Amino acid sequence: MEGAPSRTIDSEDITPAELRLAARNHGLPLELLREPITPIGLHYLLIHYDIPGVDAESFRLEVGGAVERPLSLSLADLRARERVTRPMTFECAGNGRALLSPRPVSQPWLSEAVGTAEWGGTLLGPLLEEAGPLDGAVEALFTGLDSGFEGGVFQHYQRALPLAEADRGLLAYEMNGAPVPPQHGFPLRLVVPGWYGMTNVKWLTRVTLLEEPFQGFQQSVAYRMYGDDGEPGEPLTRMMPRSLMAPPGVPEFMTRERHLEPGPVTLRGRAWSGWGQIAAVTVSTDGGATFAEAELEEPVGDAAWRGWRFHWDAPEGEHVLSSRATDAAGNTQPLEPPWNLKGYANNAVERVRVVVGRRT
Ligand SMILES: Nc1nc2c(c(=O)[nH]1)N[C@H]1C(S)=C(S)[C@@H](COP(=O)(O)O)O[C@H]1N2
Ligand SMILES: [Mo]
């Protein structure tokens, strides 16, 4: 399967195509990093095509393919099953793309494609068990109701997972205690702990067990790390560690540069990783020259971000603040962005410019 050739751009100016994507797919307003659970409406959004209209009454989830007993479940059937709720941090694999140089042309995220919701639904593992996977089944394919063209290919949004990972998935019909809203996948979506956002298929209509690995567009063309066009590339899986601070002080309207009064200030933020719990966060107030340990808060959940705080006596002048996360598996954020053709998994440490001065 052939994708459209990837495009990169050297200019800092945004193209109309990127602006169109950015106006549809908004990020987390970073001040909301203060909340452990992101309110509905402020969670980031990434929608490849259009939001489909779905009739909840006639909706069915079909479970089929390499199974002994195909299932067809209504929303009431799913709601009658054991209900599980779990806070989960999502991050788009393209987060940080617009900070790369040259910039891969796609949804131009800076660092705000993240959010944590309390997802409620029923576990996929027991449901697959009831369907009875055939011996040869290796992957579960998840199909969304949304469709469109991408890289010249007509498709429904589809992603697959190895069976062991699929078993850990949650079929979510609730977000923060309310029905999943249209933009986040009404009436049903998959959510999987620890993986980059593209895994969490929205408007889920079908789960198909496969006896061969899935080769569709979103698996074998998109969501792979390429050095150059034509390479096989490496698939994206779990989220690399990242930490972000809630921007301190107040912003300047156009530049969003931060302005602070001199004196003691508590910097706060949140850090996450799909490879294990956050083990440490360090903070730099001198442009990344030196880092000192931040205090960690209790994690919001085992698949959710962890708060941190750092006390700083802000001296007058201009400063660059950074925070840097290390996870339990020993992964640490790089200081320089890891460049790749489609601009994925840029988890380089943030650089937040602040001006400290009296407001008079
Ligand atoms: N059906 C469908 N599922 C999808 C997508 C999509 O476009 N269609 N986008 C994916 C991507 S790339 C991301 S990052 C997450 C975003 O989830 P959210 O919009 O609920 O934050 O959904 C994923 N699931
Ligand atoms: Mo994404």
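First listed ligand is number 1; within each ligand, the first listed atom is number 1. Computed from a prediction, not measured in an experiment: that's the story for all the values here. Hydrogens, waters and symmetry mates are skipped; everything else that's a heavy atom, side chains included, is used.
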Side-chain H-bond candidate by donor/acceptor type, Gln333 with Ser243, under 3.5 Å: no
Among all protein heavy atoms, pick the one closest to atom 16 (C) of ligand 1 and tell me residue, atom and distance. Tyr44 OH, 3.6 Å
Provide, to 0.1 Å, the distance between atom 4 (C) of ligand 1 and the closest protein heavy atom, together with that atom's residue and name. Tyr157 CE2, 3.6 Å
Is Leu32 reachable from Leu244 through a run of I, L, V, M, F, W or Y residues, each pair having side-chain heavy atoms under 4.5 Å apart? yes
Nearest protein heavy atom to atom 8 (N) of ligand 1, by residue and atom, and its distance? Asp146 OD2, 2.7 Å
Nitrogen or oxygen atoms of His43 and ligand 1 under 3.5 Å apart: yes
Is the cationic atom of Arg324 (NZ for Lys, CZ for Arg) positioned less than 6.0 Å from the six-membered ring centroid of Phe291 and within 45 degrees of its normal? yes
Within the 3.5 Å criterion, strictly below it, is a donor on Glu293 or Thr282 matched to an acceptor on the partner's side chain? no
Side-chain donor-acceptor contact under 3.5 Å, Trp272 with Glu91: yes
May I ask whether Arg189 places a heavy atom under 4.0 Å from ligand 1? yes
Does Asn200 reach ligand 1 with a nitrogen or oxygen that is under 3.5 Å from one of the ligand's nitrogen or oxygen atoms? yes
With a 3.5 Å distance limit and no angle check, can you tell me whether Arg103 reaches the backbone of Asp10 through a side-chain donor-acceptor pair? no
Nearest non-hydrogen protein atom, atom 11 (C) of ligand 1: Met198 CA, 3.6 Å
Identify, for atom 3 (N) of ligand 1, the protein heavy atom at the shortest distance, and state residue, atom and that distance. Lys202 N, 2.9 Å
Axial cation check for Trp195 ring with Arg159, 6.0 Å and 45° limits: no
Provide, to 0.1 Å, the distance between atom 12 (S) of ligand 1 and the closest protein heavy atom, together with that atom's residue and name. Tyr223 OH, 2.9 Å
I'd like to check whether Trp119 has a polar contact with ligand 1, where a contact means an N/O of the residue lying under 3.5 Å from an N/O of the ligand. no
Ligand 1 to Cys92, heavy atom cutoff 4.0 Å, flagged ligand atoms 14 (S)
Within the 4.0 Å heavy-atom cut-off, what Glu91 brings close to ligand 1 is neither
What residue and heavy atom of the protein are closest to atom 15 (C) of ligand 1, and at what distance? Gly197 O, 3.3 Å
Which atoms of ligand 1 sit under 4.0 Å from any heavy atom of Ile47? 7 (O)
Of Tyr157, Trp203, Phe149, which meets ring-ring contact (aromatic ring centres under 6.0 Å, His included) against His48? Tyr157
Which ligand 1 atoms are under 4.0 Å away from a heavy-atom of Leu45? 19 (O)
How far is atom 7 (O) of ligand 1 from the closest protein heavy atom, and which atom is that? His48 N, 2.8 Å
Counting only N and O atoms by type, is there a donor-acceptor contact under 3.5 Å from the side chain of Arg224 to the main-chain atoms of Pro232? yes
Answer yes or no: does an N/O atom from Trp203 fall short of 3.5 Å to an N/O atom of ligand 1? no
Indicate yes or no for a side-chain donor-acceptor contact from Arg258 to the backbone of Gly249 under 3.5 Å, with no hydrogens or angles considered. yes
Polar side-chain atom of Glu211 near backbone of Ala66 as donor-acceptor pair, under 3.5 Å: no
Are any of the N or O atoms of Ala93 closer than 3.5 Å to those of ligand 1? no
